[in-house]
Number of protein chains: 2
Amino acid sequence: MVGVVTSAGADKTEPTWTIAEIAAEFGVTHRTVRHYEELGLVTPERRGTARLYQRRDRTRLNLILRGKRLGFPLEQIRTIIDLYDAPRGKASQLEYCLAQIDDRRADLEHRRRDIDDALAELDTFAARCREDLDRLR
Amino acid sequence: MVGVVTSAGADKTEPTWTIAEIAAEFGVTHRTVRHYEELGLVTPERRGTARLYQRRDRTRLNLILRGKRLGFPLEQIRTIIDLYDAPRGKASQLEYCLAQIDDRRADLEHRRRDIDDALAELDTFAARCREDLDRLR
DNA sequence: CCGCTGCTTGACGTTAACGTCAACGTAAAG
DNA sequence: CTTTACGTTGACGTTAACGTCAAGCAGCGG
């Protein structure tokens with residue numbers, strides 16, 4: 001909890017960014033960032049009408065983009081982001097979190113097996129290619 | 001090269017499957033299989049008008065579905081499948097293959113790093129959850 | 001006050017990956 | 001020979017993830 005900024009005097013800490021800066025830095029368009037906001041993946045503050053992005057939003061964007069690189073749909077990415085900052089006051093909530101984490105773990109480990117398999121196949125294929133190439137000389 | 005089946009007497013080897021069997025076995029709909037055919041990802045033979053799937057098609061379907069689990073678009077999956085059975089008679093072709101393989105390797109290894117990062121984060125998060133849970137008792 | 005630049009809100013367009021009919025062919029079963 | 005059960009070819013619908021205008025507001029440099 002860093003303190004609400006709202007209409008009280010701005011703390012001189014807490015750096016912020018505009019949507020254009022954020023978009024450029026993360027290599028996406030502002031439309032993309034807005035789309036993520038429409039889906040509730042980021043929730044920037046407002047100075048008047050303009051969006052103000054903070055470190056929290058940058059963290060989320062990193063999670064989102066990694067999720068996308070891994071091919072997860074945005075909806076699923078949202079659930080995992082929500083997981084990361086869900087309320088964890090009660091034991092039941094903590095246990096729910098731990099269960100979700102296990103699910104995610106299983107998924108990711110399955111993917112890693114798939115990747116390792118694919119890499120192994122690529123290797124044997126590459127070996128065959130190099131063999132054929134040697135034989136050709 | 002197993003031998004052309006066409007209109008010569010059918011070898012009693014070479015098992016085949018119908019589209020329904022293939023779809024059921026791979027846990028997809030026949031529409032999905034047809035869609036893959038439209039994109040050139042599988043090319044079953046025909047007995048009259050009906051499709052006849054062979055082992056070759058099953059291999060491809062396995063590649064396709066793994067690609068999908070890893071979140072690759074079908075177009076990209078097609079390029080890698082094409083890579084696996086491209087003509088490799090000339091040295092230039094073999095060298096092209098090896099280059100492509102390197103590209104694929106790089107991509108897959110990037111993904112694996114992403115996965116490992118995600119898993120590490122999940123672990124520390126899980127540890128915090130368990131800590132909080134212990135403290136709550 | 002004027003114009004420029006950047007931000008905002010719609011609203012419609014697009015691509016990928018199928019889903020979902022509809023209408024028809026065909027081959028084995030009764 | 002007529003069902004019945006699959007199989008086939010369109011063709012249009014749908015969802016996700018943005019792209020692409022269009023049009024308006026807002027601060028600020030001259």
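Order of the sequence lines sets the chain letters (A, B, ...), proteins ahead of strands, with each chain counted from 1.
- For the OP1/OP2 pair of C:dC18 and a distance below 4.0 Å, the side-chain nitrogens and oxygens of B:Lys68 include at least one atom meeting the criterion.
- The distance from the CG atom of A:Leu133 to the CD atom of B:Gln93 is 11.5 Å, given to the nearest 0.5 Å.
- Partners of B:Tyr96 according to the ring-ring contact (aromatic ring centres under 6.0 Å, His included) rule, which considers only residues two or more places apart in sequence or in another chain, do not exist here.
- Atom-to-atom, CD of A:Glu37 to P of C:dT8 comes out at 8 Å; the value is rounded to the nearest Å.
- Rounded to whole Å, atom C1' of D:dT8 lies 18 Å from atom CD of B:Glu45.
- Remark: B:Phe125 CZ to A:Ile80 CD1 distance equals 9.5 Å, nearest 0.5 Å.
- Nearest nucleotide to the side chain of A:Pro73, out of C:dT8, D:dT8, D:dA17: D:dA17.
- In this entry the distance linking CG of B:Leu74 with C1' of C:dT15 reads 12 Å, nearest Å.
- B:Arg34 has no side-chain polar atom (N or O) that falls below the 4.0 Å cut-off from OP1 or OP2 of C:dC18.
- Here the closest non-hydrogen pair linking B:Tyr36 and B:Leu65 is OH-CD2, 4.4 Å.
- The closest donor-acceptor contact from the side chain of A:Arg111 to the backbone of A:Leu70 lies under 3.5 Å.
- Once rounded to the nearest 0.5 Å, the distance linking CD1 of B:Ile81 with CD1 of B:Ile64 reads 4.5 Å.
- One can place CG of A:Leu52 at 13 Å from P of D:dG27, the figure rounded to the nearest angstrom.
- When rounded to the nearest whole Å, the span between NE2 of B:His30 and C1' of D:dC6 equals 10 Å.
- Taking atom NE2 on A:His35 and atom P on C:dC12, their separation rounds to 17 Å, with Å as the unit.
- Within 4.0 Å (heavy atoms only), B:Arg47 reaches no atom of the nucleic acid at all.
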For nucleotides 22-28 of chain C, print each protein N/O atom paired with a nucleotide N/O atom at under 3.5 Å, atom names and distance only.
none

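- Distance B:Gln76 CD to C:dA16 C1': 13 Å, rounded to the nearest Å.
- Taking only side-chain nitrogens and oxygens, A:Arg78 never comes nearer than 4.0 Å to OP1 or OP2 of D:dA16.
- For B:Thr32 and C:dG19, the shortest distance from a side-chain N or O to OP1 or OP2 is below 4.0 Å.
- Taking side-chain N and O atoms only, B:Thr29 has no distance below 4.0 Å to OP1 or OP2 of C:dC18.
- Counting distance only, with no hydrogens placed and no angle test, the side-chain atoms of B:Arg31 and the base atoms of C:dT20 include a donor-acceptor pair under 3.5 Å.
- Side-chain nitrogen and oxygen atoms of A:Tyr36 include at least one within less than 4.0 Å of the OP1 or OP2 phosphate oxygen of D:dC18.
- Contact annotation: A:Thr18 reaches the phosphate of C:dC7 (side-chain N/O to OP1 or OP2, under 4.0 Å).
- Remark: B:Phe26 pairs with no residue by the ring-ring contact (aromatic ring centres under 6.0 Å, His included) rule, at least two apart or across chains.
- Residues B:Leu119 and A:Glu109 are in side-chain contact: their nearest non-hydrogen atoms beyond the backbone lie under 4.5 Å apart.
- Taking atom CG of residue B:Leu61 and atom P of nucleotide C:dA17, one finds them 15 Å apart after rounding to whole Å.
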